[in-house]
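Reading through the structure tokens given below for one structure.
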Number of protein chains: 2
Amino acid sequence: MSIQTPATIEDVARLAEVSIATVSRAIHNPEKVAKSTRQRVNQAIAITGYTTNAMARSLRMGRSNMILVLAPDIGDPNFSSILIGLENEARAHGYGVLIGHTQNDPERGLEYLKFLNSNQAAGLLLFTGHAPFGHQEMTQRLPPSVAVFEPVFGSTIPYVGVDDTAGARKAAEYLLSAGHRRIAFIGDSKTRLGHLRRRRGYDLALDAARIPPEQRMVIDGEGTIESGRLAVEQLFMRDTLPTAFMCVNDATAVGVMNGLSARGYDLPKDFSVIGFDDVPQATYLNPALTTIRQPRSAIGRQAMALLLQSLSQPLAESREVLIMPDLVVRGSVTSPAKR
Amino acid sequence: MSIQTPATIEDVARLAEVSIATVSRAIHNPEKVAKSTRQRVNQAIAITGYTTNAMARSLRMGRSNMILVLAPDIGDPNFSSILIGLENEARAHGYGVLIGHTQNDPERGLEYLKFLNSNQAAGLLLFTGHAPFGHQEMTQRLPPSVAVFEPVFGSTIPYVGVDDTAGARKAAEYLLSAGHRRIAFIGDSKTRLGHLRRRRGYDLALDAARIPPEQRMVIDGEGTIESGRLAVEQLFMRDTLPTAFMCVNDATAVGVMNGLSARGYDLPKDFSVIGFDDVPQATYLNPALTTIRQPRSAIGRQAMALLLQSLSQPLAESREVLIMPDLVVRGSVTSPAKR
DNA sequence: GATCGGTATGTAAACCTTTACATCGCATAT
DNA sequence: ATATGCGATGTAAAGGTTTACATACCGATC
């Protein structure tokens, strides 16, 4: 019941009647110690319940086997399955994963940076844009880092994520192929790189279909449910309406569908909606949301692989790994209503 | 551009022309060092960009200022706001928070336990039931721990969470007051303590209203969306139907509403549904879900407070802190349809 | 002027590892 | 019989802190 202090390597050594060096070797280089000795050591370990003090180990070795994942919002529905990808890959290479939640607060970011500076983690994974600290000075002594899911704005940190442009283009093309010509883009942004690229995919597709710019409607938004709802209101103050809503992400799409339902429209009969991300809820909307699927676990896996690789040899140039997403057809897109 | 090794306390000492002891004191016990010296040290710190190596510090002191939060599923929509409560409270006391994701895998739990054994974290917060490791041996040398959101089954670990029984009772009473008499309970469980208690709240309320046991319908379920959907199917194989569904949590309610819509029913006209938790999506369902709101940030705050307190003086007995939840009325409950 | 008390600082040990280097035995080659 | 080499083990330093204890200094007290 009482908390005894954990056994140290010395306790094991004493019990096995060897030196601490031998214990250490028996654990990490078993082939370097005689079989009989090894057995005695292992027995002693079992008896004492010894588990090596990772902190002392990292202090001595100048590197740990933990990777820190920094996320501004762990509630992001994309995060959890990306994380699983990250973890599986890390695990396969003998690394553990810890998560830090910055809440977009630079102070908290700094706190975790100290954690890194103390070698308590060997590498850093940045989830969703924005470096978590004033990057000028700190970037200097940053450990190996990789951005995942969204590139870090204005930095050269290597990035692994979806091919936003191509994905958005697929979405727009699907809308076009269903017969839509007046397609609104909801969730335009000046600062979020991933969203900028999705906007570009939209433009590319509409250019190719020779939809003139004046038939395009583009509404700003920060990619939240609320922003989608708002966009509907703004759009209804205009004289012409779109027949389809292409949303920068699923959250926006939820807001749009909500706003439309609230106005008494019947989806997908009256309007088509398409999203981007394929968040878990997408299936449970009514109608179920047609969207672009983020290959989340692949992204996680590859991001971690890149990071782990850069631990041994620093990456040459800044790199971007883009993964192609697929269209997921559900019920929210139909041919445009005649009106 | 190149990664220089971080400055150590020695670098600072040399620059300020004092001993390392004085530097350490200047940082942690400023009143113990002369003003002029302190200034020199601070200057040196600024120049070198020194930040104390938390690992060496913890190694020496035998305790860190990080708290580890272990979650089997960080995708749980309840997790994120509880976490914020935890973090804010921790921060106010000079502690940082790290998250470990166990995915219900005991191996991973063990890995994080090693982390704790190395004093890399001073305390442990267990989110949502189930100790993350075979607890017999390990429980012995567990650091101060608190369970949050759901008690750990069959353990004496202190617990902070919602008053499930009282909350469920509120829900059932609301349904009764709306005129319902045939109320089904969806999501019964034998192993999840929190769910057991919600079931109890249901029984208590129906007892008080003198609803005979044969009019109660109780369907098993593990609290997932899918389980809710399934429950609807099971229920429709019976001869009598309920007029209202009381769901063990919101996820189940989503499944139930989905199943009902799929069968062509019109909610809330044909059936009433009530949930428990008030997850963020609850507002966006159609109809918006009437439910019991988890006081999430309060739970987080109090759990961390309890843990931090138990760091200085071990808790006497096993404790449970139960917080009373409120009913949130939205659109999914009406009077029963006449049929 | 010697003693005392108090404040400011320094010295060195301790926390728990890993690992370069040294040592020891023993078998093989000469 | 001596030299050589090799495998198994031990010794001790190093990694960056904190802190008990020792020292040095200075002003005040007798």
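To find a chain, count down the sequence lines: A is the first, B the second, and so on, and within it residues start at 1. Computed over heavy atoms, backbone and side chain alike; hydrogens, waters and symmetry mates excluded.
- Within the structure, every side-chain polar atom (N or O) of Arg60(B) is placed at least 4.0 Å from both OP1 and OP2 of dA14(C).
- Projected onto DNA chain D by closest heavy-atom contact, Lys32(A) and Ile20(A) fall at different nucleotides, the more 5' of which corresponds to Lys32(A).
- Rounded to an integer number of Å, the gap from Leu59(A) CG to dT18(C) C1' is 11 Å.
- Here Ser24(B) reaches the OP1 or OP2 of dT18(D): one of its side-chain N or O atoms lies under 4.0 Å away.
- Of the options Leu116(A), Val69(A), Ile67(A), a side-chain contact (heavy atoms from CB on, under 4.5 Å) to Leu124(A) is made by Leu116(A) and by none of the others.
- Applying the 3.5 Å distance criterion, the base of dG15(D) shares no donor-acceptor pair with the side chain of Arg57(A).
- For the pair Met55(A) CE and dT17(D) P, the computed distance is 14 Å after rounding to whole Å.
- Annotation: Gln309(B), atom CD; neighbour count of heavy atoms from other residues, nucleotides and ligands within 6.0 Å is above 12.
- The CD atom of Gln302(A) sits 10.5 Å away from atom CG of Leu322(A), with the distance rounded to the nearest 0.5 Å.
- Contact annotation: Thr52(A) does not reach the phosphate of dC16(C) (side-chain N/O to OP1 or OP2, under 4.0 Å).
- Spacing between atom CZ of Arg25(A) and atom C1' of dA20(C) amounts to 10 Å, rounded to whole angstrom units.
- We find that CG of Asn117(B) is positioned 13 Å from C1' of dC16(C), with the value rounded to whole Å.
- For Met61(B) and dG16(D), the CE to C1' distance is 13 Å, given to the nearest whole Å.
- The closest side-chain donor-acceptor pair between Asn78(A) and Arg296(A) falls under 3.5 angstrom.
- The side chain of Asn53(A) sits closest to dC16(C) out of dC16(C), dT18(D), dG10(D).
- With dT9(D), dA12(D), dT9(C) as the candidates, the nucleotide lying closest to the side chain of Thr22(B) is dT9(C).
- Candidate nucleotides dG16(D), dT19(D), dC16(C) were compared by shortest atom distance to the side chain of Ala21(B), and dT19(D) ranks first.
- Under 4.0 angstrom from either OP1 or OP2 of dC16(C) there lies no side-chain N or O belonging to Thr8(A).
- Regarding Asp11(A), its CG atom lies at a distance of 13 Å from the C1' atom of dC15(C), rounded to whole Å.
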